[in-house]
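Data block below; observations after.
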Amino acid sequence: MGVLSGKTALVFGVANKNSLAWGIAQALAAEGAEVGLGYGMEKLERRVRPLAESIGARFVERCDVTNSQEIADVFAKAAQVFSRIDMLVHAIAFATTEDLNDLFLNTSRAGFQATMDISVYSLVALTRAVRPLMSNGGTIVTLSYYGAEKVIPRYNVMGVAKAALEASVRYLATELGPEGIRVNVLSAGPVKTLSAGAFLGFRDMLRYVGEASPLRRNITHEEVGKAALYLLSDLSSGVTGETLHVDCGYNILGVTQPREAGT
Ligand code: NAP
């Protein structure tokens, strides 16, 4: 019996086997949770279905988070399949490559709005939609990155969105705490995924962070899954509104040390 036996989770943001959301879904399923998946684009269904089958997920639904009706429909279906939801994972973000690869100064109004809508407002919308299904309490986790706190070259509008996402978590945690619903952020180090590929120079950043981090390596999908398991389960029962860095310690550095030969 796992620590999540008898619990249900909805995980949004599985695009393929490299998605951080998939690492989390696997960790939850391994601990006995019944996991349902939400994905964004219709064409991704053929990638998501086999993954869902591998963890016995019977709830697999498309949900474009810019569409309020789609969100309402997905949660109405979820209510029919599950009597309640214990855990919600929000692993959704989007910015155009133009906005990521130009100066932040040149961010377009449309690009700014779309990034904030998909990457930030969607957490508020999904949280509101899941609330009636968390009548006995629950846990919500979203994913962020260090670019919310410090300037990361080319992270641009996504860094601003992640800062707003982390602030949103603190507001949601405060409002939903009295209902026994906890909301936390997992701030992950860089991991190669579909979205990460949109950043020019991502590979160089991955190498640099891997060399400079206190643990001298990058994180894995499994480590994101394990940390999410902590935040989503009773293991973190006294924790809410928190940002947990899972980045091999990179965020604690002020100045990174040049590597010495042989280390
Ligand atoms: P990913 O596999 O590409 O996941 C991003 C997800 O966002 C995809 O499933 C994508 O679905 C979804 N999405 C985008 N627009 C959407 C929309 N309108 N409606 C519904 N879903 C939509 O990449 P990932 O790296 O795992 O990203 C997951 C989360 O982790 C993101 O919040 C990201 O910022 C965060 N994160 C990633 C890293 C990293 O280095 N990879 C580090 C820290 C934090 P579609 O493609 O189907 O639209």
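Computed over heavy atoms, backbone and side chain alike; hydrogens, waters and symmetry mates excluded. Start at 1 and go down the list; that is how both ligands and their atoms are numbered.
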Could you pull out the closest heavy-atom pair between [X] and [Y], with the gap in Å?
X: K192; Y: F202; result: CA-CE2, 3.7 Å
X: K17; Y: W22; result: O-CD1, 3.3 Å
X: P190; Y: L206; result: O-CD1, 3.4 Å
X: F104; Y: V157; result: CD1-N, 3.7 Å

Salt bridge or not between [X] and [Y]? Use side-chain N to carboxylate O under 4.0 Å.
X: E223; Y: R217; answer: yes
X: E34; Y: K7; answer: no
X: R62; Y: E70; answer: yes
X: E179; Y: R131; answer: yes

With a cut-off of 4.0 Å, which atoms of ligand 1 are near a heavy atom of [X]?
X: L143; value: 29 (C), 30 (O), 32 (O), 35 (C)
X: G13; value: 4 (O), 6 (C), 8 (C), 9 (O)
X: V14; value: 9 (O)
X: L20; value: 26 (O), 30 (O), 36 (N), 37 (C), 38 (C)
X: P190; value: 40 (O)
X: C63; value: 19 (N), 20 (C)

I want to know if ligand 1 touches [X] in the polar sense, i.e. an N/O pair below 3.5 angstrom.
X: A188; answer: no
X: F202; answer: no
X: S19; answer: yes

### Task
For atom 10 (C) of ligand 1, state whether the nearest protein heavy atom is under 4.0 Å away.
no
Can you report which non-hydrogen protein atom sits closest to [atom], along with the distance?
atom: atom 19 (N) of ligand 1; result: V65 N, 3.0 Å
atom: atom 31 (C) of ligand 1; result: A93 CB, 3.7 Å
atom: atom 1 (P) of ligand 1; result: S195 OG, 3.4 Å
atom: atom 48 (O) of ligand 1; result: M41 CG, 3.6 Å
atom: atom 46 (O) of ligand 1; result: L44 CD1, 3.5 Å
atom: atom 6 (C) of ligand 1; result: A91 O, 3.5 Å

### Task
Kindly determine whether R84 and T8 satisfy side-chain hydrogen bond (donor to acceptor under 3.5 Å, both in side chains), including the steps that lead there.
CA-CA 7 Å; R84 62 168 208 286; T8 52; 5.4 Å; no
Which one holds for [X] and ligand 1: side chain close, backbone close, both close, or neither close, with close meaning a heavy atom under 4.0 Å?
X: I118; result: side chain
X: K162; result: side chain
X: S119; result: neither
X: N16; result: neither

### Message
I'd like to know if G189 contacts ligand 1, where contact means a heavy-atom distance under 4.0 Å to any ligand atom.
### Response
yes
### Query
Can we call the ring centroids of F12 and F75 under 6.0 Å apart?
yes
Taking atom types as modelled, find out whether [X] and [Y] have a side-chain donor-acceptor pair closer than 3.5 angstrom.
X: Y250; Y: T256; answer: no
X: T96; Y: D99; answer: yes
X: Q69; Y: D73; answer: yes

Name the option, out of [options], that contains the heavy atom nearest to [atom].
atom: atom 24 (P) of ligand 1; options: T193, V246, V191; answer: T193
atom: atom 43 (C) of ligand 1; options: A15, S187, A161, S144; answer: S144
atom: atom 12 (C) of ligand 1; options: V48, D64, I92, N18; answer: I92

### Message
Can you tell me which residue among L28, L229, L232, D234 is in a side-chain contact (heavy atoms from CB on, under 4.5 Å) with V3?
### Response
L229
